[in-house]
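Contents: one structure, followed by commentary.
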Amino acid sequence: MPAFTEANLPELILVPGETTLAQLERIWREGLAVRLDDSARAGIMASAAQIEAAANGDRPVYGVNTGFGKLASIKIRAEDTATLQRNLILSHCCGVGEPVEPETTRLIMVLKLLSLGRGASGVRPEVIALIEGMLARDVLPVIPAQGSVGASGDLAPLAHMAAVMLGEGRATHDGQEMSGAEALAAAGLAPVVLAAKEGLALINGTQVSTAFALAGLFEAFASARAALITSALSTDAIMGSTAPFLNEIHQLRGHRGQILSAQVIRGLMEGSEIRESHREGDARVQDPYCIRCQPQVTGACLDLLWQTASSLQIEANAATDNPLVLAGEDRIVSGGNFHAEPVAFAADQIALAIAEIGAIAQRRVALMVDPALSHDLPPFLTPDPGLNSGLMIAEVTSAALMSENKHLANPCSTDSTPTSANQEDHVSMAAHGARRLRRMNANLSQIIGIEALCAAAGVEFRAPLATSAPLRAVIGRLRETIPALEQDRYLAPDLAEAAEMVRSGALVAAVPADILKEVCP
């Protein structure tokens with residue numbers, strides 16, 4: 001397989017079956033090119049030879065010398081193989097809706113490479129090389145986001161990806177949209193003529209659902225890290241107790257996420273003058289649950305995210321098309337690895353974690369703006385309440401986003417509808433179950449951004465008492481672009497900037513790396 005050493009983009013070499021989530025996140029965030037390790041070549045070539053032999057043989061093999069789905073009983077002549085595969089791709093280009101964002105499109109292509117690279121799909125090395133070349137030279141198919149039910153593969157969206165490889169469909173090259181043929185030509189690449197099974201191998205599989213789920217997972221972890229920071233800041237803002245974060249409490253229960261969350265909050269608050277000022281003589285016996293139970297709630301969400309990370313790493317490295325070539329057995333077997341039930345379950349679990357991280361964060365926002373509960377902070381965190389409304393409606397916005405996420409968190413995996421003349425009679429709905437995570441994460445980053453603004457204001461009202469050094473650094477980062485709210489102003493840009501600090505990792509980057517180093521996939 002040729003290596004595109006003249007590529008415009010930095011290149012990452014991946015081993016199919018051994019690729020890590022850290023590598024995939026780098027590709028998604030940094031827009032890297034990808035090449036399969038040379039160790040994959042032998043398996044790819046061996047399976048392609050088996051498919052070629054089957055295509056020229058008399059025995060019917062699904063999708064190789066037969067029709068598809070309900071049409072599998074129709075035998076296809078050897079001379080019609082290329083037409084069969086091309087027709088398959090073009091007929092399946094039925095996606096609708098907004099295009100998938102470029103970074104996730106790149107991840108879809110990489111996941112398809114990894115699946116084909118397992119040497120069980122029967123595609124020729126030139127198919128692999130074309131995908132590598134498109135990634136290296138920034139040719140990204142325009143893929144409509146809707147149209148997959150998450151079984152028999154993400155057929156429609158993957159067909160839009162494959163169409164560009166044929167010189168059809170639409171693509172972007174260096175960010176400019178054009179026809180697939182024009183994009184390939186501009187990049188110095190040639191379309192491929194598909195051989196037996198290659199079209200089927202390209203559109204069978206869970207790569208779209210998995211890419212959506214991985215993007216949701218990466219963003220959810222980023223928000224979870226930021227939420228641990230804002231939760232510690234909120235605790236100091238309302239002069240909350242740190243006793244519920246003692247390690248001994250959490251060791252007695254034993255959940256990893258809970259233990260780690262408490263550890264992170266302790267580390268963030270260590271050395272706070274605010275905390276020391278009310279350690280003795282505080283009339284409050286217990287804080288509300290949104291303060292006291294932070295490790296239990298955020299920790300459970302982390303446990304859920306780690307569980308889904310493990311499942312999605314397996315799926316990212318899996319061979320998920322059909323039929324599959326069984327290496328060394330001279331067999332081509334129809335199965336159901338294209339069914340995205342594991343991805344659907346993972347997406348539902350990520351959605352639950354996103355919703356719950358946001359739910360408890362929103363209650364901390366509500367706590368801080370309420371003078372009856374905030375331990376002497378001014379109403380709505382403004383120095384001149386009445387004339388000014390302060391962060392009153394920012395809290396309302398956070399409540400709206402929290403409620404929206406609660407509705408979006410309802411499971412998708414329990415839904416199914418028969419398709420393809422009842423041949424595909426149980427489907428996973430993984431694609432839209434995972435696609436909603438982007439919207440939910442956008443809501444969550446805004447909720448946490450609002451919490452950061454409220455908590456920073458609350459801590460500043462405790463002056464001359466100071467919070468801890470790590471949390472002072474967080475407030476300092478906020479104040480670089482968002483000044484303190486001394487009187488009412490047009491607040492929408494402040495909220496947008498705070499949310500972007502959550503999404504970009506700017507708030508997390510403000511604290512020492514060792515405090516949050518374990519909160520990762």
Side-chain angles (χ1 to χ4, degrees), residues 10 12 14 19-32 34 100-114 135 140 143 145 206-229 257 260 298 301-317 340 342-358 405 408-409 430-449 499-509 513 516-521:
L12 200 61
L14 301 181
T19 297
T20 67
L21 290 188
Q23 290 173 314
L24 294 173
E25 185 168 6
R26 278 197 65 203
I27 293 163
W28 181 71
R29 292 192 183 279
E30 300 174 31
L32 303 178
V34 162
V100 178
E101 59 279 357
E103 60 270 25
T104 305
T105 298
R106 181 173 292 277
L107 189 55
I108 290 168
M109 297 169 72
V110 170
L111 294 175
K112 179 54 72 176
L113 268 181
L114 291 174
L135 288 166
L140 299 180
I143 302 175
T206 65
Q207 286 74 44
V208 173
S209 297
T210 304
F212 287 160
L214 284 170
L217 178 72
F218 299 150
E219 289 186 325
F221 267 117
S223 289
R225 288 188 284 267
L228 285 168
I229 292 171
L260 178 60
T298 306
C301 293
L302 285 174
D303 285 335
L304 209 53
L305 292 177
W306 285 323
Q307 179 182 333
T308 59
S310 175
S311 180
L312 290 175
Q313 180 164 317
I314 292 170
E315 189 71 11
N317 283 282
V343 184
F345 282 150
D348 281 349
Q349 290 174 307
I350 295 167
L352 290 173
I354 292 169
E356 282 297 273
I357 291 169
N405 272 3
L408 288 170
H432 71 262
R435 182 165 51 85
R436 71 183 153 159
L437 300 177
R438 190 170 188 89
R439 178 177 168 190
M440 293 184 71
N441 275 312
N443 290 344
L444 177 57
S445 64
Q446 188 63 80
I447 294 168
I448 296 169
E500 179 56 29
M501 288 187 192
V502 173
R503 282 191 293 270
S504 68
L507 289 188
V508 171
L516 286 155
K517 65 182 178 182
E518 294 183 57
V519 187
C520 58

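Any value given below was found using the heavy atoms of this structure, including those in side chains, with hydrogens, waters and symmetry copies removed.
With sequence neighbours excluded, the residues that form a salt bridge (charged side-chain N to carboxylate O under 4.0 Å, His left out) with R436 are D348. Residues satisfying the side chain to side chain donor-acceptor pair (under 3.5 Å) test with W306, not counting sequence neighbours, are none. By the salt bridge (charged side-chain N to carboxylate O under 4.0 Å, His left out) test, R106 is found to be paired with D138, residues two or more places apart in sequence or in another chain being considered. Residues that satisfy the salt bridge (charged side-chain N to carboxylate O under 4.0 Å, His left out) test with E518, not counting sequence neighbours, are absent from this structure. Partners of T19 under the side chain to side chain donor-acceptor pair (under 3.5 Å) rule, at least two apart in sequence or in another chain, do not exist in this structure.
Environment of CZ in R29: crowded, with over 12 heavy atoms of neighbouring residues, nucleotides or ligands closer than 6.0 Å.
When all heavy atoms are compared, the tightest approach of A213 to V343 is CB-CG1, 4.0 Å. Taking all atoms of both residues into account, the shortest heavy-atom contact from A227 to I448 is CB-CD1, 3.8 Å. Pairing each heavy atom of L107 with each of A211, the nearest pair is CD2-O, 3.9 Å. Counting all heavy atoms, side chain and backbone alike, F212 lies closest to T104 at CD2-CG2, 3.8 Å. In terms of heavy-atom proximity, A499 sits nearest to Q446 at CB-OE1, 3.6 Å. The two residues V100 and A145 make their nearest non-hydrogen contact at CG2-CA, 3.9 Å.
Counting heavy atoms from C-beta outward, F218 and L214 have side chains that approach closer than 4.5 Å. Between Q307 and F345, the closest side-chain pair of non-hydrogen atoms is not below 4.5 Å.
Going from atom CD of Q23 over to atom CG of L12 covers 5.5 Å, rounded to the nearest 0.5 Å. Distance check: L507 CG to E500 CD gives 10.5 Å after rounding to the nearest 0.5 Å. To the nearest 0.5 Å, atom CD of residue E103 and atom CD of residue E30 are 13.0 Å apart. Residue L114 holds its CG atom at 11.5 Å from CD of E315, rounded to the nearest 0.5 Å. Taking CZ from R26 and CG from L32, the interatomic distance works out to 5.0 Å, rounded to the nearest 0.5 Å. In this structure, L135 CG and M109 CE are separated by 4.0 Å, a value rounded to the nearest 0.5 Å.
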Starting from the C-alpha separation in whole Å, work towards a yes-or-no answer on side-chain contact (heavy atoms from CB on, under 4.5 Å) for I447 and V502. CA-CA 10 Å; I447 294 168; V502 173; over 6 Å; no

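Each of L113, N317, T20, I27 was scored for a side-chain contact (heavy atoms from CB on, under 4.5 Å) with L14, with one residue passing: I27.
Looking at T308, its side chain does come within 3.5 Å of a backbone N or O of L305 through a donor-acceptor pair.
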In residues 350-358, what donor-acceptor pairs under 3.5 Å come from side-chain atoms, sequence neighbours left out?
none

